[in-house]
Trainee: 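Take a look at the following structure, please.
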Amino acid sequence: MVYTGRFAPSPTGPLHFGSLLAALASYLDARSHKGRWLVRIEDLDPPREVKGATDNILSTLELFGLHWDGEVVRQSHRLNRYKDILTQLSSNGLAYPCNCSRQQIQRRSGSPRYDGYCRNHPPDADQLCAVRSRCENNYHFNDRILGLQDFKTQQEDFVIFRRDGFFAYQLAVTIDDAEQKISHIVRGADLLDSTPKQIHLQHQLGYQQPLYAHIPVATNTLGQKLSKQTFAPALDQNERVKLMIKALDFLGQQPLKTLADSTIEECLKWAVEHWDISRVPACLSIALEES
Ligand code: GLU
């Protein structure tokens, strides 16, 4: 099998330490397997997008020596493809329109979990609708870091096209991973719940299932994931080596003290040669000390 990995950031702001971890872990796993490493910009949600973020993310990756293969794919250029697949799923009866509001779902099922109402009560054709995937099965998979992931509860019929007219992440990411022939997905454990949804769509669409590895998410001392919302600072380009060492340490790679005096390229070379995924802590999150 040809190893192909990827980093798939959403352009909602500059890279921060949390996104560096996902970029670095996916890069190191790919390069240590002599594999390809692709970058895909997940710009599917214009209201959340920050102007200039894509260029900023790409130039930061380069400054950190994380050079990708081939062209950067932008999801905003692939909408016709998503539309075709959505039509295919709908005409095969594997997806259906739904106009339920969050409040209606909550009122009916006493929780935000969707109860499948529109399977049996199709909305009128002129209504603004989301599209949901019809789920019958549960999926389990073997995570390369976390081990067997068995989701006991029946999956709900989840949204693959949003009522506000945008394609949902679950659909786009599944199509792109398959069409880019991604063999290994390494990403943050905040996306663990998405994996059975994506496996479900892979089955419906006859795609091959990639191997998954979910790395712990970095949180602040309050246990909140580092993100724009929690004011995670952008990566300081003057501290590249220090940040890279901190990321390697977080990922359990036991970086040598002497790397502090190396260049970013030397540091990355060491990290590729010594990458050992079995040393990545098998947990969902780790709080960072204030520094
Ligand atoms: N675009 C997603 C994010 O930035 C990541 C998607 C993925 O790795 O599957 O959270």
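Keep in mind that this is a model prediction, so the values were computed, not measured. As the structure lists them, so they are numbered: ligands from 1, and atoms in each ligand from 1.
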Trainee: Check whether the side chains of S26 and H184 place a donor and an acceptor atom closer than 3.5 Å, and report yes or no.
Mentor: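 S26 vs H184: no donor-acceptor pair found between side chains.
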
Trainee: Any idea how F158 and H200 line up, ring-wise: parallel (<30°), tilted (30 to 60°), or perpendicular (>60°)?
Mentor: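 Taking H200 first and then F158, their aromatic rings stand perpendicular (interplane angle over 60°).
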
Trainee: Could you please spell out the steps behind the ring-ring contact (aromatic ring centres under 6.0 Å, His included) verdict for F141 and Y212?
Mentor: CA-CA 8 Å; F141 67 97; Y212 290 94; 5.6 Å; yes

Trainee: Distance alone, cut at 3.5 Å: any donor-acceptor contact between the side chains of Q127 and N99?
Mentor: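 On atom types as modelled, these side chains qualify, holding a pair under 3.5 Å.
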
Trainee: What does the contact table look like for ligand 1 (nitrogen or oxygen on each side, cut-off under 3.5 Å)?
Mentor:
from	atom 1	to	atom 2	distance (Å)
ligand 1	1 (N)	A8	O	2.7
ligand 1	1 (N)	S10	OG	2.9
ligand 1	1 (N)	E42	OE1	2.6
ligand 1	4 (O)	S10	N	3.3
ligand 1	4 (O)	S10	OG	3.2
ligand 1	8 (O)	R6	NH1	2.6
ligand 1	9 (O)	R6	NH1	3.4
ligand 1	9 (O)	R6	NH2	2.9
ligand 1	9 (O)	Y169	OH	2.8
ligand 1	9 (O)	R187	NH1	2.8

Trainee: Can you establish whether the number of heavy atoms outside E62 located under 6.0 Å from its atom CD is more than 12?
Mentor: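 Yes.
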
Trainee: Looking at NZ of K51 and CD of E49, how far apart are the two atoms once the value is rounded to the nearest 0.5 Å?
Mentor: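 Here the interatomic distance stands at 10.5 Å.
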
